[in-house]
Amino acid sequence: MALGVDKCNVYGVFKSAKMENVVAKIDWMVAYDFLDISYNGKLPMIVFTDRGWEIEANQRTEEFLREWDQWINEGRPIPDMTYLEDRNRHMILLLLEKVKETGDNKYIPYLEAWYKVDYKKVRAAIHETIKVFQSEEPFDPTSAIKRENTMKEALKGFAPFDFRIKCWECGKRFIFTVGEQKFYKQKGFSEPKRCKPCREKRKLELYF
């Protein structure tokens with residue numbers, strides 16, 4: 001295919017899924033703060049929330065590490081490590097943290113090859129990772145435990161709920177329901193600043 005998506009290892013996995021089921025899952029992930037709707041002009045785009053990105057980055061780095069394990073076990077030559085260039089910086093640093101946490105120096109040749117092709121800040125992090133393997137100091141599991149706990153919390157999601165907003169016009173508080181929140185998000189609107197009566201009043205003023 002022109003974009004090369006057929007070479008992706010998950011290509012076709014969801015071909016049996018019905019569109020209404022896909023939409024329902026996306027709606028659920030938006031409602032529970034894993035995904036958000038962002039507008040580029042009039043075009044809506046599905047993007048990760050901070051919570052969703054934490055989960056995605058964690059899973060993607062696990063995939064990278066499993067790939068390295070597979071290639072090493074199969075005795076493959078070290079790949080062109082430029083495939084990691086221009087990746088999200090947070091994700092790359094997380095990958096290096098996970099490499100450290102393994103305590104396995106089998107990754108050193110990969111790290112050395114990667115060091116030669118990436119940017120200065122990433123090279124510095126790679127160098128620190130190699131030094132950890134060479135120092136033979138015991139690994140401190142604190143960061144790994146903290147991250148695991150953070151992931152558990154993130155995976156719970158954030159259940160939607162009605163909440164109150166203070167009207168800019170009359171000062172009274174009004175309820176912004178879950179249904180209204182979903183509608184506003186789908187349309188790319190920001191939260192209402194006025195209660196419904198004040199909104200209606202303003203419409204009439206603008207009309208006349």
### Message
Under 4.0 Å between a side-chain nitrogen and a carboxylate oxygen: does that hold for Glu101 and Lys98?
### Response
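Not counted as a salt bridge, because no side-chain N and carboxylate O are separated by less than 4.0 Å.
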Pairwise distance [atom1]([X]) to [atom2]([Y]) - rounded to 0.5 angstrom:
| X | Y | atom1 | atom2 | answer |
| --- | --- | --- | --- | --- |
| Arg147 | Lys152 | CZ | NZ | 13.0 Å |
| Arg51 | Asp36 | CZ | CG | 12.0 Å |
| Glu56 | Phe48 | CD | CZ | 4.0 Å |
| Leu35 | Lys185 | CG | NZ | 9.5 Å |
| Ile37 | Lys182 | CD1 | NZ | 9.0 Å |
| Arg202 | Arg194 | CZ | CZ | 4.0 Å |

Side-chain heavy atoms of [X] within contact of [Y], under 4.5 Å:
| X | Y | answer |
| --- | --- | --- |
| Ile26 | Met29 | no |
| Cys195 | Cys170 | yes |
| Val122 | Arg89 | yes |

### Task
Quick one: do Gln59 and Ile55 satisfy side-chain contact (heavy atoms from CB on, under 4.5 Å)? Show the steps, please.
CA-CA 6 Å; Gln59 292 177 337; Ile55 295 167; 4.0 Å; yes
Ignoring hydrogens and angles, tell me if any N or O in the side chain of [X] forms a donor-acceptor pair with the backbone of [Y] under 3.5 Å.
| X | Y | value |
| --- | --- | --- |
| Thr49 | Asp33 | yes |
| Gln181 | Phe176 | yes |
| Glu74 | Trp71 | no |
| Thr82 | Glu85 | no |

Side chains of residues 103-112: which donor-acceptor pairs under 3.5 Å do they make with residues two or more places apart or in other chains?
unit_1: Asp104; atom_1: OD1; unit_2: Lys106; atom_2: N; d: 3.0
unit_1: Lys106; atom_1: NZ; unit_2: Asp69; atom_2: OD1; d: 3.1
unit_1: Tyr107; atom_1: OH; unit_2: Asp69; atom_2: OD1; d: 2.5

### Task
Not counting sequence neighbours, list each pair that qualifies as a side-chain hydrogen bond (donor to acceptor under 3.5 Å, both in side chains) and has a residue in residues 114-124.
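Found Asp86-Tyr119, Trp114-Asp118.
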In the single-linkage hydrophobic clustering (I, L, V, M, F, W, Y; side-chain heavy atoms under 4.5 Å), do [X] and [Y] co-cluster?
| X | Y | value |
| --- | --- | --- |
| Ile126 | Tyr83 | yes |
| Val178 | Tyr184 | no |
| Val22 | Val47 | no |
| Leu94 | Trp68 | no |
| Ile92 | Ile78 | yes |

### Query
Is Asp50 atom CG crowded by more than 12 heavy atoms from other residues, nucleotides or ligands, each under 6.0 Å away?
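Counting neighbours around CG of Asp50, 12 or fewer heavy atoms of other residues, nucleotides or ligands fall under 6.0 Å, so no.
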### Task
Step through the shown structure and confirm whether more than 12 heavy atoms of other residues, nucleotides or ligands are within 6.0 Å of CE on Met19.
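Open.
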Closest contact, heavy atoms only, [X] versus [Y]:
| X | Y | value |
| --- | --- | --- |
| Pro160 | Ala31 | CD-O, 3.6 Å |
| Met91 | Ala57 | CG-O, 4.1 Å |
| Thr102 | Val99 | OG1-O, 2.6 Å |

### Query
What's the verdict on side-chain contact (heavy atoms from CB on, under 4.5 Å) for Ile175 and Phe163, showing C-alpha distance, side-chain angles and the deciding distance?
CA-CA 6 Å; Ile175 296 175; Phe163 62 90; over 6 Å; no
### Query
Do Glu153 and Thr150 pass the side-chain hydrogen bond (donor to acceptor under 3.5 Å, both in side chains) test, and can you show the C-alpha distance, the side-chain angles, and the key distance before you say yes or no?
CA-CA 5 Å; Glu153 286 300 312; Thr150 300; over 6 Å; no
#### Entry: Ile165 vs Arg173, side-chain contact (heavy atoms from CB on, under 4.5 Å): CA-CA, chis, key distance, verdict
CA-CA 5 Å; Ile165 299 176; Arg173 295 191 178 276; over 6 Å; no
### Task
Could you tell me which residues satisfy side chain to side chain donor-acceptor pair (under 3.5 Å) with Arg87, sequence neighbours excluded, listed by chain and number?
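If we apply the side chain to side chain donor-acceptor pair (under 3.5 Å) test to Arg87, skipping adjacent residues, there are no hits.
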### Message
Can you confirm if the NZ or CZ of Arg199 lies within 45° of the ring axis of Phe174 and under 6.0 Å from the centre of its six-membered ring?
### Response
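Yes, a cation-pi geometry holds between Arg199 and Phe174.
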